[in-house]
Each structure stands twice: as C-alpha cells, then as structure tokens.
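Presented below is the structure to which this report refers.
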Amino acid sequence: MKGTFPIDKFERVQTPFYYYDTKLLRKTLQAINAEISKHEGFVVHYAIKANANAKLLRIIQEAGLGADCVSGGEIETAVKSGFHSSKIVFAGVGKSDWEINLGLDHDIFCFNVESIPELEVINLLAKQRNVIARVAFRLNPNVGAHTHANITTGLAENKFGIAMRDMMTVMLHAQQLTNVKVVGLHFHIGSQILDMGDFEALCNRVNELQTILLNHRICLEHINVGGGLGIDYEHPNRVPIPDFKAYFDTYAKKLKLQPQQTLHFELGRAVVAQCGSLITKTLYVKEGSTKRFAIVDAGFTDLIRPALYQAYHKIENIMSNEPMEPYDVVGPICESTDVFAKQIDLNHTQRGDLLAIRSAGAYGEIMASQYNCRKLPQGYTSDEFIS
C-alpha cells in the first residue's frame, strides 16, 4: 500500500521538497497526550533538533509539549515558536557562554549539565546576573541500546554525560556553589530504539542511582530519561504512529519515582518522522551493465541519513502502478555515497515520475546542506495543498 499524496498539487512545486502530513502529526500528538495523561507527573519535551520547521513547531507547541534544545539557536527558535520558557530544557555537551546567558535571560526550566567545568561556568554566569540557574546532571548510565553505533549515547565510551561513579562528587560540589540549584537527573541512551528492554535497563539503572541519593538524603524534583523511541521505517503506512503505550507504560511500571517527582521525556523522531516525506523527481533512468539506476534531483544535501548512517527509507513511485522492477535510487551529488537505496523494487519508473522518500520528517530538512551550491529544500505542509 502506498501513501496518499496530492500529486496534482505537487506538479506546481519545485522539487525536491519536504511534504508534511499535518493530519498525521496531530494524530501522533494526540496519541502522546492520551498516553501521558494516564500517568501522573509525565512531561514531554519535543527535541527540536529532529525538525525545526516553523509550521510544525507551532502545531507541536499548541499540543502542549515543551521543547528540548541543544543550542542557543534552538532556544531562540523555541521562544519564537511560542514555547514557554518554563518548558524549555537545554542540553548539549558544549554550551558556549552566549548560549548559557541566553538560557539564563529567558529563565528556562533547566540546563542539563554534562561536566563539572560546565557546572562552574553556569554558576559564574548566573552569579554575574544575580540569578539562580536550575540544573540537572546528565549521567552516563553505561547502558547500551540496540541501535546504530553512531546514535548510541549511553555507553561509557561516548562523549556524553558524567560517569556514574562521579555522581556524588558532582552533587557535593554543586552544593558549594551559590548560583545553581540541582533539580534533577538527566539520561539519554540513544536513538531509534525499538526494544523496550533497553528502556527497562535504563529504569533499573536510574532506580539504583536514586537509592544511592536517597541514602544521602537527596531527593531531586525531576528525572529526565531523554527520548530514543524509534519508528517503523519499513512500514510507514502500516505503522504510522509509534507504540507510545508500550513506551510510557515501561517507565510507569519499571521506574520507581519518589512522591512528587516528575518524569520528563525528550521525544523527537517519534513525533515527526512519519509525517514527513522527501518528494523528488526522476531525472533519468540509466541502464547499467548489471543495474538500473533511477537518478533523482534530490541528493544527500537534502536527506543525509542514508549516506551518514546507512539508514533505510522506504521509497515509493507515487505516479506509477506498473509492475515492480529493481532500481538503485541515486542523487546528483558528485560523491559516490549519494545513494538513497540499492536494489529496491519500485513500480516501473521513467523520467518525470515523482518518488516519495518516506519517514523523512526527522533529521531530514533540518540536516540539509548547500554542498555543491545547491539550494536548500523547502518544506510544505498538507494544509498548504488544500484548496
């Protein structure tokens, strides 16, 4: 089964471009809110790094989600998009002074701190402004996730977070600082995780750390477990909305929250990935000695995930119902890695046919570049094609 696209409307738009199904996005947000409403104290922040398209951000903000930011630019974008500063968290291993000051000036909810030097800089900058900065310590739980090596973040070998063995040292050090208040712990073990066992392992580790803190009579207000929930890239039509029930129920059953503690999540891909498709036009069909190439006008400048992560995206010829044939789908960039897929079956494809590269709503448009002096792809919502 193919996705449903307003093909007649697409023909007036310059390819390549991103198409966002806002009806699906709203259904996804409704599913998230329906599940977290079952669990007291659950709070979701949308990870802006997944997609910062202004039209999508407004819909997400209107649904009541907070914002997870990893740069000063994302903080500015979140504020501009209507996210209240009290719902903005700022993460990242390398926060610059101007970014920290921006967060302080907006009185954001929390800084997720990844090292003692960073903690001390935040304290110094907060002292200069005579304010108290709320911080959570990002701990590296040394929990491996069953996902791509390049998007695993919770192992001891990764650059992120503070080692578990240093938790109490950092806690005690923070108590000596005058302009920071420790309000929570932060974790994030990776991305595109579909095995709930990985999240259970994180829950077990958080429970261990909470026990240690309670033995020192420390009970923090907030626990932030990051995001990481994956999507079904192989079946975007059959499974358009991730299994939020299993995800949130795992934390509700396995994580032992203390009374009055809130549990924060930072979902990105799971919110927006399935609603987005990269629409590209077939320029040529080239018959090689052993392969048939569908050469399209989109390249890794528009969607880098296949080249960067060897990521799979389902590709559909949305203009053809002819028999299926094997193709390598490749772009025009002067790099051998500019390949979207090899030996995949598409309906018979010819020059001018539009292909939809599915599940591209996360880490697609936001990671686009202008290599080869190419123009950045535009993003359009389904609302804009209604007439």
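The backbone N or O of V131 sits less than 3.5 Å from a side-chain atom of N179, completing a donor-acceptor pair. The backbone N or O of D232 lies less than 3.5 Å from a partner atom in the side chain of Q274, making a donor-acceptor pair. A donor-acceptor pair under 3.5 Å is absent between the side-chain atoms of H264 and the main chain of V43, judged by distance alone. For the pair H45 (side chain) and I88 (backbone), a donor-acceptor distance under 3.5 Å is absent. The backbone N or O of E325 sits nowhere less than 3.5 Å from a side-chain atom of H348 that would complete a donor-acceptor pair. Looking at T282, its side chain never comes within 3.5 Å of a backbone N or O of A294 through a donor-acceptor pair. Looking only at distances, no side-chain donor or acceptor of K291 sits under 3.5 Å from a matching main-chain atom of P326. Between the side chain of N347 and the main chain of M319, no donor-acceptor pair closer than 3.5 Å is present. The backbone N or O of T22 sits less than 3.5 Å from a side-chain atom of S382, completing a donor-acceptor pair. Between the side chain of E316 and the backbone N or O of G3, at least one donor-acceptor pair lies under 3.5 Å.
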Exercise for the section: Decide yes or no on side chain to side chain contact (heavy atoms under 4.5 Å, CB included) for I318 and F10, but give the supporting numbers first. Expected result: CA-CA 11 Å; I318 60 177; F10 284 177; 4.1 Å; yes
Exercise for the section: List the steps, then state whether side chain to side chain contact (heavy atoms under 4.5 Å, CB included) holds for N33 with Q30. Expected result: CA-CA 5 Å; N33 284 329; Q30 289 169 4; 5.9 Å; no
Practice task
Could you walk me through whether K181 and E221 pass the salt bridge (charged side-chain N to carboxylate O under 4.0 Å, His left out) test, one step at a time?
Solution key: CA-CA 11 Å; K181 178 184 179 183; E221 300 169 47; 3.4 Å; yes
Practice task
Begin from the C-alpha positions of I223 and Q210 and carry the test side chain to side chain contact (heavy atoms under 4.5 Å, CB included) through to its verdict.
Solution key: CA-CA 10 Å; I223 301 296; Q210 285 249 74; 3.9 Å; yes
Problem - Worked check of side chain to side chain donor-acceptor pair (under 3.5 Å) between E74 and T77 - result: CA-CA 5 Å; E74 288 190 359; T77 297; over 6 Å; no
Exercise for the section: Test I315 against Y327 for side chain to side chain contact (heavy atoms under 4.5 Å, CB included), laying out the working first. Expected result: CA-CA 11 Å; I315 303 176; Y327 294 86; over 6 Å; no
Practice task
Go through the steps for D297 and T15 under the test side chain to side chain donor-acceptor pair (under 3.5 Å), then give the verdict.
Solution key: CA-CA 7 Å; D297 61 0; T15 55; 2.5 Å; yes
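Residue I193 is grouped with residue L139 when hydrophobic side chains (ILVMFWY) are merged at heavy-atom distances under 4.5 angstrom, including chains of intermediate members. In the hydrophobic clustering of this structure, Y233 does not group with L24; members are Ile, Leu, Val, Met, Phe, Trp, Tyr whose side-chain heavy atoms approach within less than 4.5 Å, directly or through other members. Follow the hydrophobic side-chain contacts under 4.5 Å out from L102 and you reach L119 in the same cluster. Note: the hydrophobic cluster containing V330 does not contain L354 (ILVMFWY, side chain heavy atoms under 4.5 Å, direct or indirect links). Residue L263 is grouped with residue F244 when hydrophobic side chains (ILVMFWY) are merged at heavy-atom distances under 4.5 angstrom, including chains of intermediate members.
Across every non-hydrogen atom of R374 and P16, the tightest pair is NH2-CG, 4.3 Å. Shown here for A298 and L278, the closest heavy-atom pair between the two residues is CB-CD2, 3.9 Å. Considering all non-hydrogen atoms of both residues, A362 and R269 come closest at CB-CA, 3.7 Å. In plain terms, the two heavy atoms of D198 and I189 that are nearest each other are O-CD1, 3.7 Å. The two atoms that bring A270 and P242 nearest to each other are O-CG, 3.5 Å, heavy atoms only. Of all heavy-atom pairs spanning G299 and I333, the tightest one is CA-CG1, 3.9 Å.
In this structure, H216 places its NE2 atom where only 12 or fewer heavy-atom neighbours from other residues, nucleotides or ligands lie under 6.0 Å away. For CD of Q258, the number of neighbouring non-hydrogen atoms (other residues, nucleotides, ligands) closer than 6.0 Å is greater than 12. Residue D8 places its CG atom among more than 12 non-hydrogen atoms of other residues, nucleotides or ligands, all under 6.0 Å distant. Annotation for Q175: atom CD counts as buried by contact number, over 12 foreign heavy atoms lying within 6.0 Å. Taking a 6.0 Å sphere around NZ of K23, one finds it holds 12 or fewer heavy atoms contributed by other residues, nucleotides or ligands. Few gaps surround NZ on K2; more than 12 heavy atoms of other groups in view lie less than 6.0 Å from it.
Atoms CG and CZ, on D328 and R292 in that order, are 10.5 Å from each other to the nearest 0.5 Å.
Applying the salt bridge (charged side-chain N to carboxylate O under 4.0 Å, His left out) test between D383 and each of R26, K9, R58, K55 identifies R26 as the sole match.
In the model, H39 has a side-chain atom that pairs as donor or acceptor with a side-chain atom of D249 under 3.5 Å. Inspection of the N51 and Y20 side chains reveals an N or O donor paired with an N or O acceptor under 3.5 Å. Donor-acceptor pairing under 3.5 Å is recorded for the side chains of E99 and S96. For the residue pair E335 and Y371, a side-chain donor N or O sits within less than 3.5 Å of a side-chain acceptor on the partner. Neither side chain, E208 nor T211, offers a donor N or O lying under 3.5 Å from an acceptor on the other. Using modelled atom types, one finds no donor on one side chain facing an acceptor on the other under 3.5 Å when comparing K314 with N237. Inspection of the N317 and T349 side chains reveals an N or O donor paired with an N or O acceptor under 3.5 Å. Looking only at atom types and distance, the side chain of D107 has no donor-acceptor partner in the side chain of S85 under 3.5 Å away.
Because its NZ or CZ atom is both nearer than 6.0 Å to the ring centre of Y284 and within 45° of the ring axis, R351 counts as a cation-pi partner of that residue.
Here Y46 and F83 keep their ring centres 6.0 angstrom or further from each other. Between Y251 and F42, the ring center distance fails the sub-6.0 Å criterion. Between Y363 and Y309, the ring centre distance reaches or exceeds 6.0 Å. Annotation: F90 is not in aromatic contact with H106 [ring centroid separation under 6.0 Å not met].
Residues V93 and R138 form no side-chain contact, since every pair of their non-hydrogen atoms from C-beta on lies 4.5 Å or further apart. A heavy-atom distance below 4.5 Å is found between the side chains of H173 and E120.
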